[in-house]
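Encoded as structure tokens, the structure appears first; notes follow it.
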Amino acid sequence: MPELPEVETMRRGIAGMVGSRITAACFPRETRRPIAMHPTAGVMRRRLVGRTISAVHRFGKRVAIELGATDERSAAWLIIEPRMTGLLLLVPPPTSEHVRMELAYDRGGQGGAVAHGRLVFWDRRGLGTIRLVDRRGLSAACGPDRLGPDGLVVSGADLAHRAGGSRRAVKVALLDQRLVAGIGNIYAAEILFRAGIDPRAACRRLTAEAWERIAGEARRVLAEAVRLEGSTIGDETYRTADNRSGRFQRRHRVYGRARQPCRTCRGAVERIVQAQRSTFFCPHCQWQPGRLRRTL
DNA sequence: CGTTCAACCTGGGCGC
DNA sequence: TGCGCCCAGGTTGAAC
């Protein structure tokens, strides 16, 4: 589920935890398979409790909660990867089932005021992951070998340089986190529609100008989706940290709209499958370089 | 190099 | 109502 805008919304939603101290951590195992985590729950708990949160980052589609160094312990990062259905919630989850992690935190205020609360990682399908890493682990998991430039700041030159010679279809390339970080199935479709590029076009056929258009639309679409707090679709599996819906779904032009009229040309939006994922696009408004543009 | 498939899971929607 | 099937915002590793 969550792509860059949803994960960035999660990050902002929990950014108020900075300065708080973790007082308890639990990792319920009541589900069939415990969440994929490293290290084990006991070690994780021991390393988390008592630590102060010094920052909350986002790397692509992952949130990283930074635990500041102390005299005894060096800095560490709790990397949470929501995958399809993971949510970070500061309010009680819909059910206690599927809670994969719960952190209690408090902040000793001046004059006896204590702010405290709970952060829950709630993940229905359980495909998400949790890792606690040191500085080296962070760079192995989220460094430039793993993640390309962030989608909010990617340039046409970045894309052209890294993918320009590839025979891959441009939609498949945009899902590759090493090329550009944060784009998933929804936003790849929306970006290519706005750029007017056919998702099946081979990267090596795209001109520098086409890459500039794709990068520009990526920055614009992702920034707008962040402003609208992401996309909540259908069964509402995505919610903000305080349990509200995103609003970018109202701006979707092609995603999930197979056989419905294109909002620009009124032709039917098509659904095809690329790399085992659905791709939605308008064959009239999106074309491949070198091919005659279809006319109505 | 690039594609395809399976796997990891739960749950909603649809046709019959 | 129930059953079987398809679908879903992601990632990884193996096989070809």
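No hydrogens, no waters, no symmetry mates; every other heavy atom, side chains included, goes into these values.
- Taking side-chain N and O atoms only, R146(A) has a distance below 4.0 Å to OP1 or OP2 of dT12(C).
- Counting to the nearest Å, the P atom of dT11(C) and the CD1 atom of I79(A) are 14 Å from each other.
- Nearest nucleotide to the R124(A) side chain, out of dG11(B), dT12(C), dT3(B): dG11(B).
- Using P as the reference atom, dC5(B) and dC7(C) are 13 Å apart when rounded to the nearest Å.
- Considering all non-hydrogen atoms of both residues, R277(A) and N185(A) come closest at NH2-CB, 3.7 Å.
- Separating the CG atom of L127(A) from the P atom of dA8(C) is a distance of 14 Å, rounded to the nearest angstrom.
- Rounded to whole angstrom, the span from the CD atom of Q274(A) across to the P atom of dG2(B) amounts to 14 Å.
- The phosphate of dC7(C) (OP1 or OP2) has no side-chain N or O of S278(A) nearer than 4.0 angstrom.
- Rounded to the nearest 0.5 Å, atoms CD (Q286(A)) and SG (C262(A)) are 8.0 Å apart.
- Side-chain nitrogen and oxygen atoms of S166(A) include at least one within less than 4.0 Å of the OP1 or OP2 phosphate oxygen of dG2(B).
- Between D176(A) and R178(A) there is no salt bridge, since none of the side-chain N atoms of the basic residue sits less than 4.0 Å from a carboxylate O of the acidic one.
- With 3.5 Å as the limit, one finds a donor-acceptor pair spanning the side chains of T279(A) and Q274(A).
- Between R271(A) and dA8(C), a side-chain N or O to OP1/OP2 separation shorter than 4.0 Å is present.
- We find that CZ of R125(A) is positioned 12 Å from C1' of dT11(C), with the value rounded to whole Å.
- Comparing the P positions of dA6(B) and dC5(C) gives a spacing of 15 Å, expressed to the nearest Å.
- In this structure, CD1 of I80(A) is placed 22 Å from P of dG9(C), rounded to the nearest angstrom.
- Between Y187(A) and dG9(C), a side-chain N or O to OP1/OP2 separation shorter than 4.0 Å is absent.
- Minimum atom distance to the side chain of I233(A) is reached by dG9(C), of the listed dT3(B), dG9(C), dC7(C).
- Going from atom CD of E224(A) over to atom CZ of F248(A) covers 6.5 Å, rounded to the nearest 0.5 Å.
- As rounded to whole Å, 7 Å separates atom P of dG9(C) from atom CZ of F280(A).
- For F59(A), the ring-ring contact (aromatic ring centres under 6.0 Å, His included) partners two or more places apart in sequence, or in a different chain, are H57(A).
- Separation of the Y187(A) and F193(A) ring centroids does not fall under the 6.0 Å cut-off.
- Atom NZ in K61(A) sits about 10 Å away from atom P in dG9(C), given to the nearest Å.
- Rounded to a whole Å, the CZ atom of R131(A) is 12 Å from the C1' atom of dT12(C).
- Across dT11(C), dG10(C), dT3(B), the shortest atom-to-atom separation from the side chain of M84(A) is found for dG10(C).
- The phosphate of dG9(C) (OP1 or OP2) has a side-chain N or O of R277(A) nearer than 4.0 angstrom.
- Side-chain atoms of D106(A) and T23(A) form no donor-acceptor pair, as typed in the model, at a separation below 3.5 Å.
- Among the nucleotides dG2(B), dA8(C), dG12(B), the one closest to the side chain of Y255(A) is dA8(C).
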Base-pair map of DNA chain C as dot-bracket, where | denotes pairing with a different strand and pairs are Watson-Crick or G-U under 3.5 Å: .|||||||.|||||||
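- Residue Q276(A) is classed as a base contact, given a heavy-atom separation below 4.0 Å to a base.
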